[in-house]
2 protein chains.
Amino acid sequence: MKKQTQATEASINVFKALADPIRLAIIRYLRQHDQALSCGEIGQAMQISKTSGSYHFKILQEAGLITVRKVGREKFVKLDRVTFDHYLIHFWQNL
Amino acid sequence: MKKQTQATEASINVFKALADPIRLAIIRYLRQHDQALSCGEIGQAMQISKTSGSYHFKILQEAGLITVRKVGREKFVKLDRVTFDHYLIHFWQNL
DNA sequence: TAAATAGTTCAAAAACATTTGAACTATTTA
DNA sequence: TAAATAGTTCAAATGTTTTTGAACTATTTA
């Protein structure tokens, strides 16, 4: 893979994060519930292992598509609309 | 990978197609030139081999992001805005 | 304090994506 | 018709992503 500008690298991370059925299902689930949810609850709803959940939440977070807040031993996750808007809604402006 | 609905499978193909620096550069190049261009010209501009070009154009085409028209021995390619709009601009509506 | 719960890390395995070069088809030009 | 050009196909090699289970940390509850 070639060397990229910062801007391109960030886009690539966003599109990679969106390019997976589990992660898209997580996004859909968060959208439907319209609030922060714990990783555990989402993982159960997706029927994936804790390890796999941890991996996918990390990818989403590093892409900037979710924000994470730790409360006690749980982590609550919610969609970051700013990132979605930037890379999707305003795709052409930011390409 | 899990079994998916048709709708999800199509989204995945679109986001996978966008999740690559060469393909994003092709899209950017087509955007800048704002017209159908031949695979050869684009491939040269991207400095990739014919084989690699052929591979990337197929991915873009199968995702519906470009349309292709053969003229003589060349293939001309242009962006399909309908697909971009559907999956990016109207992301939330179609999720 | 011990046990339970939520999530992470690690390395190995499995699955998938991309690049490469050679051989190919189709079309145009000399 | 022969040579050149545009693009495709194939299989092998390489690179990247995802899954797995075991061992781990941090926090809460009994």
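In terms of position along DNA chain D, the nucleotide closest to B:G40 lies nearer the 5' end than the nucleotide closest to the other residue of the pair A:G72 and B:G40.
Summarising the geometry, the separation between CZ on A:R73 and P on C:dA6 is reported as 6 Å, rounded to the nearest angstrom. Taking atom NZ of residue A:K16 and atom P of nucleotide D:dT16, one finds them 8 Å apart after rounding to whole Å. Rounded to an integer number of Å, the gap from CD of B:E74 to C1' of D:dA4 is 13 Å. One can place CD of B:Q44 at 11 Å from C1' of D:dA6, the figure rounded to the nearest angstrom. Distance CD1 (B:I22) to C1' (D:dT16): 14 Å, rounded to an integer number of Å. With rounding to whole Å, B:I48 atom CD1 is found 12 Å from D:dG7 atom C1'. Nucleotide D:dT17 holds its P atom 16 Å from the CZ atom of A:F15, rounded to whole Å. Between B:I12 atom CD1 and D:dT17 atom P the separation is 15 Å, expressed in whole Å.
A distance of 10.5 Å separates CD in B:Q47 from CD1 in B:I22, rounded to the nearest 0.5 Å. In this structure, CG in B:D80 is found 9.5 Å from CD1 in B:I66, a value given to the nearest 0.5 Å.
Using a 4.0 Å heavy-atom criterion, one finds that A:K75 contacts the sugar-phosphate atoms exclusively.
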Legend entry - A:L88 vs A:L18, side chain to side chain contact (heavy atoms under 4.5 Å, CB included): CA-CA, chis, key distance, verdict: CA-CA 11 Å; A:L88 304 184; A:L18 294 169; 3.8 Å; yes

Legend entry - Working for side chain to side chain contact (heavy atoms under 4.5 Å, CB included), residues A:L65 and A:F84: CA-CA 7 Å; A:L65 293 171; A:F84 283 91; 3.7 Å; yes

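Comparing D:dT17, C:dT19, D:dT19 by their nearest atom to the side chain of B:S52 picks out C:dT19. Proximity note for A:K50 (side chain, C-beta onward) versus C:dT8, C:dT29, D:dG7: the nearest is C:dT8. For A:D20, the listed nucleotide lying nearest its side chain is D:dT18; candidates were D:dT27, D:dT16, D:dT18. Checking C:dT8, C:dT19, D:dC10 against the side-chain heavy atoms of B:T51 singles out D:dC10 as nearest.
Between A:F91 and B:D85, the closest side-chain pair of non-hydrogen atoms is not below 4.5 Å. Looking at A:F76 and A:E74, their side chains come closer than 4.5 Å, going by heavy atoms from C-beta outward. Two residues are said to be in side-chain contact when any heavy atoms from C-beta on lie closer than 4.5 Å; B:I26 and B:M46 meet this criterion. Within the 4.5 Å cutoff, side-chain heavy atoms of A:R31 are placed close to those of A:L79.
At D:dG7, none of the side-chain N or O atoms of B:K70 fall inside 4.0 Å of OP1 or OP2 (strictly under the cut-off). Listed pair A:R23 / D:dT18 meets the phosphate criterion, a side-chain N or O lying under 4.0 Å from OP1 or OP2.
The number of heavy-atom neighbours closer than 6.0 Å to CD of A:Q44, taken from other residues, nucleotides and ligands shown, is 12 or below.
Using a 4.0 Å cutoff on non-hydrogen atoms, the parts of residues 54-69 of chain B near DNA chain C are B:Y55, B:H56, ordered by number.
Remark: B:F57 pairs with no residue by the ring-ring contact (aromatic ring centres under 6.0 Å, His included) rule, at least two apart or across chains.
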Inset, instruction - Determine which bases of DNA chain C form Watson-Crick or G-U wobble pairs with both distances under 3.5 Å, and write the result as a 5' to 3' dot-bracket string with | for other-strand partners. - result: ||||||||||||||||||||||||||||||

